[in-house]
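So the structure is just underneath, and the comments pick up after that.
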Protein chains: 2
Amino acid sequence: MSRKPTTGSDSSGSDSAGAAVASQRVADHLRAAILSGELRPGARIMQEQVAAQLGASRLPVREALRILAAEGLTVVKSNSGAWVSRMDMAECEGVYKIRERLEPLALGESIPHLSAEQVAELETIARQIELTTDVDRFLALDGRLHLLTYAGCRVTQITAMVDRFWNTTQHYRRAFARLAGDSGWELIHAEHRLIIDAIKRADTVDAERFLTGHIRRTRLELARHPELFTEDDHDNDHTADAAGSAD
Amino acid sequence: MSRKPTTGSDSSGSDSAGAAVASQRVADHLRAAILSGELRPGARIMQEQVAAQLGASRLPVREALRILAAEGLTVVKSNSGAWVSRMDMAECEGVYKIRERLEPLALGESIPHLSAEQVAELETIARQIELTTDVDRFLALDGRLHLLTYAGCRVTQITAMVDRFWNTTQHYRRAFARLAGDSGWELIHAEHRLIIDAIKRADTVDAERFLTGHIRRTRLELARHPELFTEDDHDNDHTADAAGSAD
DNA sequence: GGTATTGGCTATGGATCCATTCACTGCGAC
DNA sequence: GTCGCAGTGAATGGATCCATAGCCAATACC
């Protein structure tokens with residue numbers, strides 16, 4: 001789920017490991033902090049604090065903030081500062097509308113190249129999801145499931161964008177998952193089963209159809225919960241010192 | 001056509017004008033150079049040269065290269081250098097496949113909010129396009145036409161991505177337009193007319209259908225011309241000193 | 001007492017200088 | 001003659017230092 005969209009940035013060989021270039025290391029660290037929820041949307045990110053915590057100068061931090069801004073994870077305002085991106089409901093719906101068109105494409109491009117082992121793993125993950133009640137575990141498994149269905153997609157541009165949007169909505173998916181009722185889970189399981197069945201039949205049309213519905217239904221459900229986006233301005237709360245708690 | 005995707009980067013008030021921050025100024029300059037064709041795909045971009053030409057230090061240039069990399073216009077390799085992004089045919093087809101799903105979405109979101117004046121201007125532009133034989137003029141008008149059809153889209157995320165892909169394929173569209181035959185032009189004009197008619201009828205379904213076909217046909221046509229992507233490696237040719245010729 | 005202006009402080013933006021790394025070239029050995 | 005290794009050079013990555021733009025508070029004036 002934390003697959004890093006290498007959006008034309010450094011292809012510095014070793015990916016998320018101990019990246020050779022400091023900019024990438026800092027970016028990886030901050031990305032992990034944001035995706036894990038340590039840094040919540042709206043949180044201020046102070047260059048100096050991050051630099052001190054990671055034992056680097058402010059320069060790699062600045063570049064990292066640009067990289068993350070490109071991925072949509074941070075917002076940088078000139079002569080002002082950087083914050084973790086926050087979405088209002090309209091923006092979040094926008095992302096879901098994009099995903100509704102884009103992920104079926106990724107799936108359609110992927111299905112012809114999925115191996116039998118990958119399809120088998122899909123079923124394993126789906127079963128695990130149905131047995132899960134823990135929200136965080138569900139999120140992790142759900143992410144693995146969907147991204148695995150896209151694993152066969154050879155078009156890097158598409159997978160990069162899918163990853164990107166997956167990341168930017170991470171926080172809202174987590175919040176959303178918490179308030180899903182039992183009937184909601186049942187529908188999700190049903191959709192997963194239908195998608196996987198279509199994949200097994202190599203039926204890209206059906207698979208895309210069910211996936212479109214899956215995302216669309218989620219978007220409409222999300223629209224019924226505006227309270228997810230009404231947390232007050234706490235721009236200056238929980239400043240970036242929370243970034244250090246990952247060490 | 002050179003609408004700048006403000007992908008979470010600086011919202012430094014004045015956009016492409018004399019941006020207050022040097023990073024943005026440099027990014028704007030390089031973007032213009034790339035989109036205009038002065039800097040061709042594969043061209044090496046040397047930080048020092050650009051810095052000298054724009055009267056800035058290398059630091060803003062570095063940040064500008066990151067910004068442009070995020071937009072897909074440049075590629076940065078650690079400890080190696082930066083180049084104008086080059087696509088092979090597979091990547092270009094990938095972008096077209098994305099556009100095939102994304103731009104109909106933008107159009108569908110736009111149509112309900114288009115004003116009568118905008119629709120009227122669409123017809124004006126379409127007529128001008130049909131009278132045009134010059135390739136560069138066609139490119140400019142075609143860009144204005146399509147982006148105007150998306151002008152009503154309120155979802156900034158979508159328009160940002162549309163602009164981004166429009167920019168990254170700019171060079172290939174130019175090359176492609178040169179080898180279109182008369183019958184090709186006729187089909188393009190027909191598609192434009194159908195799309196605009198659907199827009200006038202506020203028929204988003206038809207409009208999306210025709211637009212999908214328009215892009216898809218272009219992609220398939222493009223696939224028949226692999227010679228567009230076979231220009232040999234001239235990585236070290238026409239280095240970035242061409243960037244200065246815009247002043 | 002309220003408001004506006006000014007001054008200081010903080011955080012970011014930019015410039016210069018140093019370290020690092022990759023690539024090219026030249027030499028030598030097989 | 002060709003392959004491989006080492007050395008040199010240039011360009012990038014990183015660190016420190018300085019300038020500048022916002023923001024907040026304190027003070028003075030209305």
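Numbered from 1 within each chain, the chains take letters A, B, ... in sequence-line order.
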Could you check how far [atom1] of [X] sits from [atom2] of [N], rounded to whole Å?
| X | N | atom1 | atom2 | answer |
| --- | --- | --- | --- | --- |
| B/Asn79 | C/dA23 | CG | P | 9 Å |
| A/Glu63 | C/dT12 | CD | P | 15 Å |
| B/Lys77 | D/dA11 | NZ | P | 16 Å |
| A/Met46 | D/dG22 | CE | P | 18 Å |
| B/Leu54 | C/dG14 | CG | C1' | 14 Å |
| B/Leu65 | D/dT12 | CG | P | 9 Å |
| A/Gln47 | C/dG13 | CD | C1' | 9 Å |
| B/Ile45 | D/dA11 | CD1 | P | 15 Å |

Regarding B/Asp28 and B/Arg31, does a basic nitrogen lie under 4.0 Å from an acidic carboxylate oxygen?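 Salt bridge present between B/Asp28 and B/Arg31.
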
Salt bridge or not between B/Arg66 and A/Glu63? Use side-chain N to carboxylate O under 4.0 Å.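 Salt bridge between B/Arg66 and A/Glu63, a charged N being under 4.0 Å from a carboxylate O: yes.
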
Proximity to the side chain of [X] - top-ranked nucleotide from [options]:
| X | options | result |
| --- | --- | --- |
| A/Ala56 | C/dC22, C/dT12, D/dA15 | D/dA15 |
| B/Val21 | C/dT12, C/dG13, C/dT21 | C/dG13 |
| B/Val76 | C/dG13, D/dG13, C/dG14 | D/dG13 |
| B/Arg58 | D/dA15, C/dC17, C/dA15 | C/dC17 |

Can you work out whether A/Ser80 or A/Gly55 has the more 5'-proximal nearest nucleotide on DNA chain D? A/Gly55

Relative to the 5' end of DNA chain D, which residue comes earlier, B/Leu59 or B/Glu48, by the nucleotide with the nearest heavy atom? B/Glu48

Phosphate contact ([N] OP1 or OP2) by [X] side-chain N/O below 4.0 Å:
| X | N | value |
| --- | --- | --- |
| A/Ser23 | D/dG13 | no |
| A/Gln49 | C/dA11 | no |
| A/Ser78 | D/dA21 | no |

Mind listing the closest non-hydrogen atom pair of A/Cys153 and A/Glu109 along with its distance? SG-CB, 3.8 Å

Look at the side chain of B/Arg62 against the base of C/dG14 and say whether a donor-acceptor pair falls under 3.5 Å; ignore hydrogens and angles.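 There is none.
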
A/Phe165-A/Tyr96 aromatic ring centre distance below 6.0 Å: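 No, too far apart.
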
Parallel, tilted or perpendicular: rings of B/Tyr172 and B/Phe229 (30°, 60°): parallel

